[in-house]
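Below is one structure; the comments refer to it alone.
No experiment lies behind these values; they were computed from the predicted model shown.
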Amino acid sequence: MATNLWTNREHALDYLRRADKIPHRTEGEAMLLDLIPAGITRFLDLGSGNGRLLMLVRAEHPAANAVAVDFSPAMLEALRGKFAGDPSTVIIEHNLENRLPELGKFDAVVSSFAIHHLPDARKRTLYEEVYGLLASGGIFYNLEHVSSPTPELHEVFLHHLEVRRNEEDPSNILLDVETQLQWLREIGFVNVDCHWKWLELALIGGQKRQGGLSA
């Protein structure tokens, strides 16, 4: 069973030092941004970290209100520093292992390299909760670390990241793309797809059907 180290300040800061060096990350982020429709008025960022994805979405949709959710003390400190005095961004301390609080409705829910730290059963129930938070026609996109189909391809991924086996994050609970896409379809999302992928980095998501009922 994985050990969640994200309350550990040094673990979080070490990730932030390496975050910009993740190969092809900007390609996945660019695709996510391209898929968010114009005119969104409110969006949710799950596992916001230091606000990297939140800032990218805000830059593309400056009129939208944002809600950021994270539980790491170091990440929350970074978020609060970046968005201090910004009334259009609300920061909520919450561990995604627990059911989401009442947050209202959103036109878009996004996440980046956060949900893979959750046990698989919780991943699925979180997707159900996301569906319930979306307004009719709302979208959900998750830029995620997923499992490789073979051990050999996992080794290729580690090589590109310059990470040794004994240096892997013990907080990771990786799951394949197809299982997660099937979950989204079963929950009720439409236009479900893996919209971009490079080795173990994948952008998955879909849309709440127009007039779709809450999960």
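- Remark: the backbone N or O of Leu134 is paired with a side-chain donor or acceptor of Lys208 at under 3.5 angstrom.
- The salt bridge (charged side-chain N to carboxylate O under 4.0 Å, His left out) test applied to Lys82 returns no partner, not counting sequence neighbours.
- One finds the CG atom of Leu32 at 13.5 Å from the CD atom of Glu27 (value rounded to the nearest 0.5 Å).
- Residues Leu54 and Ala68 approach most closely at CD2-CB, 3.9 Å, considering heavy atoms.
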> What's the verdict on side chain to side chain contact (heavy atoms under 4.5 Å, CB included) for Val146 and Leu174, showing C-alpha distance, side-chain angles and the deciding distance?
Replying inline: CA-CA 5 Å; Val146 300; Leu174 305 183; over 6 Å; no
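- A side-chain donor from one of Thr41 and Asp107 sits under 3.5 Å from a side-chain acceptor of the other.
- Within the 4.5 Å cutoff, the side chain of His195 has heavy atoms near those of the Leu35 side chain.
- In this structure, the ring of His61 has its center no less than 6.0 angstrom from the ring center of Phe43.
- We find the CG-CG distance between Asp45 and Leu53 to be 5.0 Å, quoted to the nearest 0.5 Å.
- Taking the side chain as every heavy atom from C-beta outward, His117 and Lys123 never approach each other to under 4.5 Å.
- Within a 6.0 Å sphere centred on NE2 of His159, other residues, nucleotides and ligands contribute 12 heavy atoms or fewer.
- Checked against His145 for a ring pair (Phe, Tyr, Trp, His ring centres under 6.0 Å), the options Phe113, Phe157, Trp198 give a single hit: Phe157.
- Here Tyr141 contributes atom OH and Ser111 contributes atom OG; the two are 14.5 Å apart, rounded to the nearest 0.5 Å.
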> Could you walk me through whether Ile173 and Leu118 pass the side chain to side chain contact (heavy atoms under 4.5 Å, CB included) check?
Replying inline: CA-CA 6 Å; Ile173 307 175; Leu118 301 175; 5.9 Å; no
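- Every residue two or more places apart in sequence or in another chain that forms a salt bridge (charged side-chain N to carboxylate O under 4.0 Å, His left out) with Arg122 is listed here: Glu129.
- For Gln180, the side chain to side chain donor-acceptor pair (under 3.5 Å) criterion is met by Tyr127, not counting sequence neighbours.
- Side chain of Asn95 to main chain of Asn98: no donor-acceptor pair is present (N/O by atom type, distance under 3.5 Å, no hydrogens or angles).
- Listed by first and then second residue, the ring pair (Phe, Tyr, Trp, His ring centres under 6.0 Å) pairs that reach into residues 75-104 come to none, sequence neighbours excluded.
- Between the side chain of Ser148 and the backbone N or O of Pro151 there is no donor-acceptor pair closer than 3.5 Å.
- Nearest approach of Pro87 to Gly85, heavy atoms of both residues: CD-O, 3.1 Å.
- Residues Leu201 and Glu144 have side chains not in contact (no heavy-atom distance under 4.5 Å, counting atoms from C-beta outward).
- Tyr131 and Phe189 have their aromatic ring centers within a separation under 6.0 angstrom.
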>> With side chain to side chain contact (heavy atoms under 4.5 Å, CB included) as the criterion, how do Leu100 and Leu126 come out once you've worked through the C-alpha distance, each side chain's angles and the decisive distance to 0.1 Å?
In response: CA-CA 8 Å; Leu100 293 175; Leu126 178 61; 3.7 Å; yes
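- Looking at Arg58 and Thr89, their side chains do bring a donor and an acceptor atom within 3.5 Å of each other.
- Under the salt bridge (charged side-chain N to carboxylate O under 4.0 Å, His left out) criterion, Glu155 pairs with Arg165, not counting sequence neighbours.
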>> side chain to side chain contact (heavy atoms under 4.5 Å, CB included), that's the test. Do Asp120 and Trp183 meet it? Break it down for me.
In response: CA-CA 11 Å; Asp120 291 346; Trp183 286 348; 4.2 Å; yes
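- Looking at Ser88 and Asp86, their side chains do bring a donor and an acceptor atom within 3.5 Å of each other.
- Minimum heavy-atom separation, Asn50 to Met75: N-SD, 3.7 Å.
- Looking at residues two or more places apart in sequence or on another chain, you find a salt bridge (charged side-chain N to carboxylate O under 4.0 Å, His left out) between Glu186 and Arg124.
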